Amino acid sequence: MMSSKTPNPIDVDTGKHELWREGINDHDNEPMVRRRDGTLQPLEKLRGFINYQRNPEPYRDPLERVTDWGELNPTSEDIDLKHNETERKVQAARCMDCGTPFCSTHSGCPVNNKIPEWNTLVYEDQMQSAIDRLHSTNNFPEFTGRVCPAPCEGACVAGLVDNPVTIKNIEYAIVDKAWEDGYIVPRVPKTRTGMSVAIVGSGPSGLAAADQLNQMGHNVTVFEREDRIGGLLMYGIPNMKLSKDTVDRRVDLLRQEGIEFVTNANIGENIDINELRSNFDALTLCIGATMPRDLPIPGRDLKGIHFAMEFLTKNQKRLLMTSEGALESTWSKDDFITAAGKDVIVIGGGDTGTDCIGTSMRHRCRSVTNFELMPVPPNERAEDNPWPQWPRVYGVDYGHAEVAAVFGEDPRVYSVMTKEFLGDEDGNLRALVTQEVEITDKGPVPIDGTEKEWETDLAILSMGFVAPESYVSDELGLEVDQRNNIHAIYGDYRTSTEGVFAAGDCRRGQSLVVWAINEGRGVANACNAFLEKKKEAEMGSADSKFAGLV
């Protein structure tokens, strides 16, 4: 059941390009770069996609990074791994500047990043212009440059005949350089409209909406039920993928620009939703899709079975301890879920499943296994998965690589479903039973005689999310769709209640961070149009009252 397939070429690290400089003053001239044909020639972009091969910036060594909570990506101190300026330019030179850049369309980038434009600017070493171009479509490139699966690379035209451009690496290099060189500074709006907006939820959609509306001149207040701002960016995505200092840095910038943040504000519990509506001119809901998909099988109530987000959130809160040992976040020590010394089974794949694997490894688990219902993906695109769709092909994510490095084999077991949890006399999980399945047109069909028992004392359910929690929409009387998401048409974002908007996962369902940013920007435009009309109506009403006094 374990897969021995090699990684997809999109993930292969081919090493840095060989450089050569001539002359006494080595740094007075551009280096010559080793091309595919073996020759050393000056760097050029016209035929870059032909002359140079894809070279993604590699992660830190698995055996090193699994011992800490630092980011997977190399730092400036990792000179053997981190790309230098020349290698960034080589990779940017591979961008074809094609006539129809599918990387920037809905097939590639949900926020329509102007990828060919900022690739050219990186090649020309115009990094300030590059960050300006990147920020024109993406509020938080330091988030997407770390956690996005890069559908843009799946839609890259160069990928039709070769490996795609390292778009994700280049995006983060731009924003990283911009922070380092001081190009990102507070932009305080010069004028204010006098209109106010309450945004519920501080995840990527809520923050993007707040940023946009604030720059439009409105007074924005963001309400977050947790004790820190960031939503899933803070507590749902682990440190090794996205440093919390990176999240705090952007939130601090937004705060300096005039956005007000209120934490520990649980709408419907300690904050009255109707009071919010009466105190603000508009209300925008960006509350995410936080109801996890459950696994209602025998033994589900045993101790040792947890939802993925519960596991990840409690771990992240534990990490947010000060050097003195005092807790900055509210959490219960008794409720902490540890994988230390345990046989962990993660049920479900995807990014969240991988994060649970990586977190378990850093807890020093005894073993970790990952169950996937679907069969092993192919090495290359299937006929029903043509370019420029996201390639549904076999790949090795960071957590899988760490397990393989430590335990010697990939943790994934494909085409299995969990039938039953087994417990001991004290009600603790001790094992589970699986059965192999065959995927048919009618769904997964169990195969008789393939049952197997697996020892485990920690099972993590990572099977996605089904809908937002309903208490906010219930109190507002909002219409919901067939999946219990808040009903609001994409591009319009208005709910069934006047002046209330919805965006992000609570509207579209579980999705990517980059889609959340897309929706946050979109709902800001819709909310702004509503506020402008409301202000015009109020001014017209005031004018008519004064006219009656004349």
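This is a predicted model, so every value here is computed, not measured. For the numbers below, each heavy atom of this structure counts, side chains included, while hydrogens, waters and symmetry mates do not.
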Rounded to the nearest 0.5 Å, what's the gap from [atom1] on [X] to [atom2] on [Y]? Could you check?
X      : Y      : atom1 : atom2 : result
Thr495 : Leu285 : OG1   : CG    : 7.0 Å
Asn239 : Leu312 : CG    : CG    : 11.5 Å
Leu295 : Lys419 : CG    : NZ    : 13.0 Å
Ile517 : Asn139 : CD1   : CG    : 6.5 Å
Arg250 : Phe143 : CZ    : CZ    : 6.5 Å
Glu71  : Ser243 : CD    : OG    : 5.0 Å

Does [X] come within less than 4.0 Å of [Y], counting only side-chain N to carboxylate O?
X      : Y      : value
Glu310 : Lys314 : yes
Asp252 : Arg255 : yes
Asp426 : Lys303 : no
Asp457 : Arg430 : no
Glu257 : Arg187 : yes

Any [X] side-chain heavy atom under 4.5 Å of [Y] side chain:
X      : Y      : answer
Leu242 : Glu142 : no
Leu432 : Glu420 : no
His135 : Ile184 : yes
Thr221 : Val262 : yes

Partner set under side chain to side chain contact (heavy atoms under 4.5 Å, CB included) for [X], not counting sequence neighbours:
X      : answer
Cys506 : Ile287, Pro468, Ile486, Ala502
Ala209 : Ile199, Val523
Pro62  : Arg65, Glu402, Ala405
Arg300 : Asp294, Ile305, Phe307, Phe421, Leu461

[X] and [Y]: side-chain donor and acceptor closer than 3.5 Å?
X      : Y      : result
Asn113 : Thr137 : yes
Asn138 : Thr144 : yes
Asn370 : Tyr414 : no

Self-check item: Worked verdict on Arg60 versus Asp68 for salt bridge (Lys or Arg N to Asp or Glu O under 4.0 Å)
Solution: CA-CA 11 Å; Arg60 295 161 55 212; Asp68 61 51; 2.5 Å; yes

Exercise. Would you check if the distance from the ring center of His363 to the ring center of Phe311 is below 6.0 Å?
Key: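 Centroid distance His363-Phe311: below 6.0 Å, so yes.
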
Quiz prompt | His218 ring center near Phe280 ring center (under 6.0 Å) | solution =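 Aromatic pair excluded; centres sit 6.0 Å or further apart.
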
Self-check item: Residue pairs involving residues 503-516 (criterion salt bridge (charged side-chain N to carboxylate O under 4.0 Å, His left out); sequence neighbours excluded)
Solution: Arg507-Glu519, Arg508-Glu519

Exercise. Report the C-alpha separation of Arg412 and Val396 in whole Å, then their side-chain angles, then the decisive distance to 0.1 Å, and conclude whether the side chain to side chain contact (heavy atoms under 4.5 Å, CB included) test is met.
Key: CA-CA 10 Å; Arg412 288 169 288 183; Val396 177; 4.0 Å; yes

Practice problem: Tell me, with the steps shown, if Ile460 and Leu458 meet side chain to side chain contact (heavy atoms under 4.5 Å, CB included). | Solution: CA-CA 7 Å; Ile460 302 172; Leu458 177 59; 4.2 Å; yes

Quiz item: In this structure, are over 12 heavy atoms from other groups packed under 6.0 Å from Glu455 atom CD?
Solution: no

Quiz prompt | Candidate list Val175, Leu254, Val513, Leu233, test side-chain contact (heavy atoms from CB on, under 4.5 Å), partner Phe140, passing option | solution =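 That would be Leu254.
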
Practice problem: Scan Thr352, Thr369, Val368 and name whichever one has a side-chain contact (heavy atoms from CB on, under 4.5 Å) with Ile357. | Solution: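 Among Thr352, Thr369, Val368, the one meeting side-chain contact (heavy atoms from CB on, under 4.5 Å) with Ile357 is Val368.
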
Quiz prompt | Those residues that, when tested against Tyr471, pass ring-ring contact (aromatic ring centres under 6.0 Å, His included) (two or more places apart) | solution = none

Exercise. For Lys452 and Gln435, indicate whether the former's side chain and the latter's backbone hold a donor-acceptor pair under 3.5 Å.
Key: no

Quiz item: Can you name the residues that form a side-chain hydrogen bond (donor to acceptor under 3.5 Å, both in side chains) with Asp181, not counting sequence neighbours?
Solution: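 Counting only residues at least two positions away or on another chain, Asp181 forms a side-chain hydrogen bond (donor to acceptor under 3.5 Å, both in side chains) with Lys177.
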
Self-check item: side-chain hydrogen bond (donor to acceptor under 3.5 Å, both in side chains) against Ser202, all qualifying residues, sequence neighbours excluded
Solution: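 Ser202: side-chain hydrogen bond (donor to acceptor under 3.5 Å, both in side chains) contacts with Glu224.
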
Any residue meeting salt bridge (charged side-chain N to carboxylate O under 4.0 Å, His left out) with [X], in chain and number order, not counting sequence neighbours:
X      : result
Glu475 : none
Lys244 : none
Glu438 : none
Arg277 : none

Quiz prompt | Val480/Asn485 under side chain to side chain contact (heavy atoms under 4.5 Å, CB included): CA gap, chis, key distance, verdict | solution = CA-CA 5 Å; Val480 296; Asn485 295 321; over 6 Å; no

Practice problem: Determine, for Tyr398 and Lys241, whether the Lys NZ or Arg CZ falls below 6.0 Å from the six-membered ring centre while staying within 45 degrees of the axis. | Solution: no

Quiz item: Going through the checks in order, is the side chain to side chain contact (heavy atoms under 4.5 Å, CB included) test met by Val413 and Glu372?
Solution: CA-CA 6 Å; Val413 180; Glu372 300 229 19; over 6 Å; no

Exercise. Applying side-chain hydrogen bond (donor to acceptor under 3.5 Å, both in side chains), run through Tyr235 and Asp227 and close with a yes or a no.
Key: CA-CA 10 Å; Tyr235 286 139; Asp227 58 339; 2.6 Å; yes

